[in-house]
Amino acid sequence: MTKASLQAFAVCSFVIIALTNVLGQGIQPYPNAITDRVVRTETPMAPPPVNIVFNDPDLGSPIVRVSDETTNFRHPGGYLRSPAVWETNTWSADDSKFYFIGRGGNDFAFAFDPSTMATSSLPRATAGQALLLPLRPGPTFSFIDPDLMYGTTNANRFTISQYRFSTNKVAPVIDTTTCGLQPPINTQNSKIQSDDDVSLSADDRRISISEGGPQPGEDPFVVVYDQNLGCRWYNTQTGQIGGQWGQTGFATVPAGFLINHAFLSGDGQHVKISALHFGFYIWDVATLNVVGCQTHTSHIALVTET
C-alpha cells in the first residue's frame, strides 16, 4: 500500500469512527436514550396486539406494533420490511405518515399520531388497511412538505416523479434520459433500468438517482437534478462528468467501478456513491473532485517489513 493510499485509508477510517461516536450520544430531544455499551439479552415475549402501545422490557422505550399477517393485502401473510438502505426517508416531515415495503414490491403507508402513537388508515385507503402507494419500492418523503413523496413509477423508471397524498396524483419532476448522459441510456433495452434510489437534499432543491445497469449494484450513472440549474451526471464506468452546470471533464479517481447505491448529502453538495467490494466514493457535485474510501477488508493489503 502506498503512502498516499495509507493516508486516504486513515482519513476514511477517522470519518467513520467520528460519525459513530457522534451518533452514539444521547442528545435532545431524547435525553434519556440509553447510550452505554452494555449487552442486553432480549426478553422473550409473545407478539403484542396491533395498535397497542407497550414498553420495551429491556430498553423501556414505548413501542407499537403496526402490522400483522393481514397487513399486506396484496400477498396475505407475506413479509413486510423497511427499505434496504437507511438513507431513505420513510417518515413525512411532520411525522404524521410513514411507509414500509411488502412482498411483491408494494409500498404501504399509514397515518400516525406522534402524541398517542396510534396508527390509522390514510384517506383513500380501505378502513383498517394501509394506503397502497403508486410508486416503485423505496420512495422517499420530502424533508419540508409532509404531503409529498418522490420516487419512480413502473411507467417510466428513468423519470423521477412526485406523489401528493392530498390529490392522489403522480407528476413527473425530471426525465433523466433528457439530461445529456454520455453515452445515452438505451431505454429500448428492457434489461437496462433505474435503481429507484431517489434521495433529496434537506431543502428538496436537489434530487439524485443511480441508473443505467441491468440490476442494482451494476449501475454506471449518478444523476443529480437541481430544480433551478438542471442536471449533473457522472459515468463511473468512463469517469466522465457533465451536465448543465458545474465543471465538465473526468473525475479525479480512476474509472471502471459500478454503483450499488448513491445518496445526496443534506446540503446537496456531495453524493455518497456505494461501490460493491470496495467501499464508497464521495463526489463533490459541482466539480470533478471524487474521493475514494476503501472499507472492504478483502481489498486492503497490509505490508510488513523485516
Should [X] and [Y] be counted in the same cluster of Ile, Leu, Val, Met, Phe, Trp and Tyr side chains packed under 4.5 Å apart?
| X | Y | result |
| --- | --- | --- |
| Phe250 | Ile273 | no |
| Met117 | Phe54 | no |
| Phe257 | Val285 | yes |
| Leu122 | Val170 | yes |
| Leu133 | Phe73 | no |

Verdict with supporting geometry, Thr43 and Asp58, side chain to side chain donor-acceptor pair (under 3.5 Å):
CA-CA 7 Å; Thr43 300; Asp58 304 308; 2.6 Å; yes

Got [X] and [Y] here, is their nearest side-chain heavy-atom distance under 4.5 Å?
| X | Y | answer |
| --- | --- | --- |
| Pro139 | Tyr99 | yes |
| Tyr234 | Val271 | no |
| Thr140 | Glu87 | no |
| Ile63 | Asn55 | no |
| His75 | Asn106 | yes |
| Met149 | Lys97 | no |
| Leu258 | Pro220 | yes |
| Asn228 | Trp245 | no |

Please give me the minimum heavy-atom distance between [X] and [Y], naming the atom from each residue.
| X | Y | result |
| --- | --- | --- |
| Ala111 | Ser121 | CB-O, 4.3 Å |
| Pro172 | Ser161 | CA-OG, 4.0 Å |
| Ile185 | Glu211 | CD1-OE2, 3.6 Å |
| Asp94 | Ser92 | OD1-OG, 2.8 Å |
| Asp147 | Ser166 | OD2-OG, 2.6 Å |
| Val64 | Asn51 | CG2-CA, 3.6 Å |

Is there a donor-acceptor pair closer than 3.5 Å between any side-chain N or O of [X] and the backbone N or O of [Y]?
| X | Y | result |
| --- | --- | --- |
| Gln227 | Asp204 | yes |
| Asn235 | Gln240 | no |
| Asp219 | Gly213 | yes |
| Arg157 | Asp195 | no |
| Arg74 | Arg103 | no |
| Arg206 | Ser265 | no |
| Gln247 | Leu288 | yes |

What do the steps show when you test Thr90 against Phe98 for side chain to side chain contact (heavy atoms under 4.5 Å, CB included), and what is the final call?
CA-CA 6 Å; Thr90 58; Phe98 65 93; 5.5 Å; no

Separation of [Y] [atom2] from [X] [atom1] (nearest 0.5 Å):
| X | Y | atom1 | atom2 | result |
| --- | --- | --- | --- | --- |
| Leu135 | Asp107 | CG | CG | 6.5 Å |
| Phe278 | Cys293 | CZ | SG | 7.5 Å |
| Thr88 | His261 | OG1 | NE2 | 8.0 Å |
| Asp284 | His270 | CG | NE2 | 4.0 Å |
| Leu264 | Arg205 | CG | CZ | 10.0 Å |
| Asn260 | Gln215 | CG | CD | 10.5 Å |

State whether a side-chain donor-acceptor pair under 3.5 Å links Thr252 with Asn289.
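Distance-only check fails for Thr252 and Asn289.
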
Give the C-alpha distance, both sets of side-chain angles, the deciding distance and a yes or no for side chain to side chain contact (heavy atoms under 4.5 Å, CB included) between Cys231 and Tyr225.
CA-CA 4 Å; Cys231 297; Tyr225 175 66; 3.9 Å; yes

Evaluate the side chain to side chain contact (heavy atoms under 4.5 Å, CB included) criterion for residues Ile209 and Asp197: first the C-alpha distance (whole Å), next the side-chain angles of each, then the deciding distance (0.1 Å), finally the verdict.
CA-CA 5 Å; Ile209 195 170; Asp197 55 350; 3.6 Å; yes

Which word best sums up how the rings of Phe221 and Trp233 line up, parallel for under 30°, tilted for 30 to 60°, or perpendicular for over 60°?
perpendicular

Would you check, one step at a time, whether the test ring pair (Phe, Tyr, Trp, His ring centres under 6.0 Å) holds for Phe280 with Phe263?
CA-CA 11 Å; Phe280 61 91; Phe263 293 95; over 10 Å; no

Hey, mind stepping through Asp56 and Ser61 against side chain to side chain donor-acceptor pair (under 3.5 Å) and telling me if it holds?
CA-CA 5 Å; Asp56 182 282; Ser61 301; over 6 Å; no

Phe141-Phe143 aromatic ring centre distance below 6.0 Å
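Ring-ring flag for Phe141/Phe143: false, centres at least 6.0 Å apart.
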
Worked verdict on Trp283 versus Ile241 for side chain to side chain contact (heavy atoms under 4.5 Å, CB included)
CA-CA 10 Å; Trp283 174 31; Ile241 295 174; 3.6 Å; yes

Identify which one of Asp68, Asn72, Val66, Ile101 satisfies the side chain to side chain contact (heavy atoms under 4.5 Å, CB included) criterion when paired with Leu80.
Asn72

Salt-bridge contact Asp196-Arg136 (side-chain N to carboxylate O under 4.0 Å)
yes

